[in-house]
Structures are given as C-alpha cells and as structure tokens.
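Take a look at the structure set out below.
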Amino acid sequence: MLDIKYIRDNTDLVKANTKNRKIDVDIDRMLMLDEQFRALETKIEELRFERNVASKTKPTPGIIERMKKVGDEVKLLEDEQLPLHEELKALLMQIPNLTHIDVKVSDDEDDNPVVEAFSKPTKFDFEVLDHVQLAQKLDLIEFDKATKVSGAKFYYLKNELALMEFALIGYALDILMKYGFIPFTTPDLAKREVLEGLGFNPRGESTQVYNIEGTDLSLIGTAEITLGGYHADEILDELELPKKYAAVSHCFRTEAGSYSKYSKGIFRVHQFTKIEMFVYCTPENAEGFHKELLNIEKEIFKGLDIPFRVVDHCTADLGGPSYRTFDLEAWMPGKPNKDGVMGDWAEITSTSNCTDYQARGLNMKYKTKDGKKDYLYTLNGTAIAITRAMIAILENYQQVDGTVLIPEVLHKFMPVKKIEVKVKK
RNA sequence: GGAGAGAUGGCUGAGCGGCUGAAAGCGCGUCCCUGCUAAGGACGUAAGGGUGAAAGCUCUUCGAGGGUUCGAAUCCCUCUCUCUCCGCCA
C-alpha cells in the first residue's frame, strides 16, 4: 500500500496515477474517512488520557463515577471509529503503487511497448503444429484424464515432458545459483494477511486466488507470496542486504474472468510449477536489481534458444503493487495471432519493481549504520514458468519428421535428447 | 488426535490488579579512564500512531481477539503458535 501521508500531501498526483492505472477508487472518500478517523482519534485520546491520569492512584468514589462515564464514552467513540477505519483501509489497499516515469501511459492493456527484440521468429519449411497437437502425437500431456480427476484446465505431464519439468528446474537453478540466489522450496499455502499485505486480493469478485474453506489460507498463485512474506514484520540490517531468493513452487490460479483470453492447452491452467526470484534491497539499488532480474530471464531463454522479446508494461497493464514491469514474450509458432495467422508472441516471464509498496503492507524495514529505518524495496521476477516454457520449447523445436528436439542446455538434466513417437507395447 | 507446560523489549528473563512501557543481565550506541590487549566507569537504547514548524505533549501495543474492572502484562473466555510426552504417519 501507499503511505497515507503521502496521499494526503500529493492527492492530485495519486489521483492522476490511479486513473492512468485504470483503477477506480474514490480517493476523496478515502481522505474524508481519514480526516473523520483522526478527529475521532483525538477525542478518544483525550478521554483515555483523563482515564489514565485517574488510574495512577486509588480513586475516590466520585472519580470512579466520572470514570465510568468516560469509559462508556470511549467505547461509544471507538464503535463509531471502527467501521471508518475498515472502509478506509479497504480503499487504501486498492490504490496502486506509483509509476516509473518512463512507463507508457495508455488505457489499452495491450499497448505494451517492445523495448528489446532479440531474435526473429523461428522459420519452418513445413506446416507447424501447436503444442497440443505435438503433445498428443508424442503422448506428453493428458487432458482428458486430468479433466476426469480434477476438472478443466488441469493436465498430466507425461513421459519426456514430465522429465523436462525437472530438467528446466535444474537448468534454471544452476543459473540462479551463479548469481548468488538462495534456493528455496516454500509452502504452497499462505495466510490471507500475507496475500493482502503484498497487494494480492484474495476475496474480490475476480480474484485469481483459491481459498481453503474454513481457514484463512489461500493456495499461492506465485512464490512471490511466500518469499515476500518471509521477512514480514522484520527489520533487517542494511549490511545483510540484498536478500536474493529463488523458490520453486506450485502456482494455483482460478483464472476467473479470463475466458476470452488465449487459453489453449497448457497456456492458461489452474496449476503449474514456477521458479520465482525475489529481491529485498535498499531503494537506491532497486533499479539495478530490476535490470539484473530481467537479464537473468534473458539469459535463461537465450540459453534455451527460444526467440523472445521484452515488453515494458504500460500503465493499464501494471499490477497494483508494481512500479514498473517487464515481460519476456516468447515466440510461439502454434499460437494464432489476432488476425488468426499461426505464430505470435506470448508472455513467458514477468519482473516487477514494487518499490516499498509491499514492504509497507507487511511492515518490512531495514536499518542503516546510523540507526535510520526505512521500508525495504522488493522486486520479483519469473526465472522460469514451466508450462509456458514447455509450450515454447515444443513449438519451436518441432522437426519435419514429427519429433521434437530437446534444447541442448537441458541435455545434462535429461536422459533423452529428442522426443519421438512412442511404440505401443 | 490425547495429556501437560509456556508465549513479556534485539536476546535472556522478572513481574501475576493501580507508583510497570515494563526489574536485572546480555547486546548495542555515545562519552570517560586505561591505552598493546584484556578489563573498568557514566549515560543512553522497543515499535507504531495522533498533534505540532520544532522542542514537546499524548495515545496504543507484554502471542491474537473478546470480556470483567474506575483501572489489566497481571483475573475470565476463545483462538493461534511453541516446547515435552503419548498416538499416528510420508
């Protein structure tokens, strides 16, 4: 969340930013609630002060009578204050983070400028198949069985593709270790307060989050949640920064309201495996680490030899906590573009600089040598999202003879170099 | 799942209705003495909020939430977590 004092002092700026982000929050109402809340707070404090003074010593019967009234009045005012505070907080949490000066202002969420294009789309001299067709021919994914067992948008990975999950994990972790990331596996469930503190909304109408009935737990949609909650309510020493973490986790998403979006095969699913990078650092280092995260993502996909480009999220497409977000989009030969022609770019990774927005939500600070305290900056980035990477590999590495080659960098992590049609036994 | 013990500041740990935002020790900081180390002394040292230009004044917080009371770290209820023992189990 943003600092409410900042919003008070920079109301016009915050309003404009919120509008650019296409978020509809009644900021005037929030400020009005804030003012009422503080006015009540002052009254309550005066009464409590009176009571505290009286309570220092044994009171006379007269004072006891007076204090009974004071107590009742405090209670009354508190009851009046509570709903104000709740609405205020709810509104405050809806206000998105500030936006990097270089981010394109646009109200079209597809209007993300391409900032770097590294390679040309893969060329084929035969008719390409999409990953669903390839997976079927090569017996790599089971959709029908998954539907039977778990429902739509679930899948079983099978044969070489099941092995490839572990190979991709091994490959990506090797690179992350090189950059000094501490490897983690984390819980797949997290508390509501953690999700909310990080700027995820587990209860809204179009929530992406699965909640566990009868608990305050949610299935995580990304390890950003468990890595971001890791230092909740802590004050870190500046000397131990940065903290660079990388976690392998399952990710669960309801995909509510995403029916119109491209969702063939394993592109948009309820569950997948992902390695997430997360960095805690000081404000002045955040931009540098954002670049580093992006560079690592690029290194991973350059190594896999997948054509990709980098886009810079426009204001309409930025998530609430993000100050700036870059995506890697891979070339997916089997994905139809908006004109219905086969082949399109599709998101495979995303890295965000969340400045102090998440740290304020979870009360995470750092302390300098001279004892100054301030909120940490947090950044996150996808090292590899397994299903999306698999689509890119299958579709870009398909051969004229119907086989799929395994990227060379994965060879040391897998016992096969080529995916072939299985002989039925 | 059953039985018991516990949860207090950066840490250890006292307090068990009012003078306790909290003894003592450790740690940390500033200064003094000594000055090669080691040791010694003085003072300071929780977080968050309101108000204020600031100094200051003030409120809240002793796992969380609720209750009793003029007054709660202290009493009552509920929950969460930790530890020990038993059971079960990958």
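Proteins get letters first, then strands, A, B, ... in listed order; numbering begins at 1 in each.
To the nearest whole angstrom, the two P atoms, one in B:C33 and one in B:U45, are 23 Å apart. Comparing the C1' positions of B:G10 and B:G65 gives a spacing of 27 Å, expressed to the nearest Å. Taking atom P in both B:G15 and B:G6, one finds a spacing of 13 Å when rounded to whole Å. Of the P atoms belonging to B:U60 and B:A22, the separation is 14 Å, rounded to the nearest Å. Nucleotides B:C43 and B:C26 are separated by 14 Å at their P atoms, to the nearest Å. Separating the C1' atom of B:U8 from that of B:G21 is a span of 11 Å, rounded to the nearest Å. Annotation: B:G67 and B:U61 have their P atoms spaced 13 Å apart (nearest Å). Separating the C1' atom of B:A3 from that of B:A90 is a span of 25 Å, rounded to the nearest Å.
Summarising the geometry, the separation between CZ on A:Phe37 and P on B:C59 is reported as 16 Å, rounded to the nearest angstrom. Rounded to whole Å, the distance from CG on A:Asn363 to P on B:U60 is 20 Å. A straight line from CD of A:Glu78 to C1' of B:G67 spans 14 Å, rounded to a whole angstrom. Atom CE in A:Met1 sits about 13 Å away from atom C1' in B:G48, given to the nearest Å. Whole-Å rounding puts the A:Asp233 CG to B:A46 C1' distance at 14 Å. Between the CG atom of A:Leu77 and the P atom of B:C59 there is a distance of 16 Å, given to the nearest Å. At whole-Å resolution of the value, CE in A:Met67 and P in B:G17 are 24 Å apart. Between the CG atom of A:Asp216 and the C1' atom of B:C81 there is a distance of 13 Å, rounded to whole Å.
Look at B:G4: its Watson-Crick or wobble partner, with both distances under 3.5 angstrom, is B:C83. In a base pair of the Watson-Crick type (N1 to N3 plus N6-O4 or O6-N4) or a G-U wobble (N1-O2 and O6-N3), with each distance short of 3.5 Å, B:G10 is matched with B:C26. In this entry B:A39 has no Watson-Crick or G-U wobble partner, no candidate having both defining distances under 3.5 Å. Of the nucleotides present, B:G56 is the one that pairs with B:U51 by Watson-Crick or G-U wobble criteria, both distances under 3.5 Å. Pairing for B:G65 goes to B:C77, judged as Watson-Crick or G-U wobble with the two contacts each under 3.5 Å. For B:U20, there is no paired base (Watson-Crick or G-U wobble, both distances below 3.5 Å).
Positionally, the nearest nucleotide of RNA chain B for A:Ile235 lies more toward the 5' end than for the other of A:Arg48 and A:Ile235. Toward the 5′ end of RNA chain B lies the nearest nucleotide of A:Arg8, the other residue of the pair A:Arg8 and A:Ile64 mapping further downstream.
Residue contacts for A:Arg66: at a heavy-atom cut-off of 4.0 Å it reaches no nucleic acid atom on any strand shown. Using a 4.0 Å heavy-atom cutoff across all strands shown, A:Lys367 reaches no nucleic acid atom at all.
A distance-only check finds no donor-acceptor pair linking the side chain of A:Lys153 to the backbone of A:Arg268 [under 3.5 Å]. No side-chain donor-acceptor contact under 3.5 Å links A:Thr18 to the backbone of A:Ile95. Checked by atom type and distance alone, the side chain of A:Glu395 pairs as donor or acceptor with a backbone atom of A:His131 at under 3.5 Å. Checking side-chain atoms of A:Arg360 against main-chain N and O of A:Met1 turns up a donor-acceptor pair under 3.5 Å.
For B:U80, the OP1/OP2 oxygens have no side-chain nitrogen or oxygen of A:Lys191 closer than 4.0 Å. Proximity of A:Arg38 to the phosphate of B:C59: no side-chain N or O atom is located under 4.0 Å from OP1 or OP2. Side-chain N/O atoms of A:Lys43 include none lying less than 4.0 angstrom from OP1 or OP2 on B:U51. Contact between the side-chain N/O atoms of A:Asn52 and the OP1/OP2 oxygens of B:U58 is not found at any separation under 4.0 Å. The phosphate of B:A47 (OP1 or OP2) has a side-chain N or O of A:Lys373 nearer than 4.0 angstrom.
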Working note: A:Tyr245 + A:Met277, criterion side-chain contact (heavy atoms from CB on, under 4.5 Å); need CA distance, chi angles, decisive distance, verdict.
CA-CA 6 Å; A:Tyr245 298 149; A:Met277 304 176 280; over 6 Å; no
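Taking the six-membered ring for Trp and the full ring otherwise, A:Phe413 and A:Phe166 have centroids separated by 6.0 Å or more. You'll find the ring centres of A:Phe184 and A:Tyr230 inside the 6.0 Å limit.
Both tests pass for A:Arg388 against the ring of A:Phe267: distance under 6.0 Å to the centre and angle within 45° of the axis.
Nearest to the side chain of A:Glu41, among B:G50, B:G71, B:G48, sits B:G50. Nearest nucleotide to the side chain of A:Phe49, out of B:G71, B:G50, B:U58: B:U58.
A donor-acceptor contact under 3.5 Å links the side chain of A:Glu45 to the base of B:G49.
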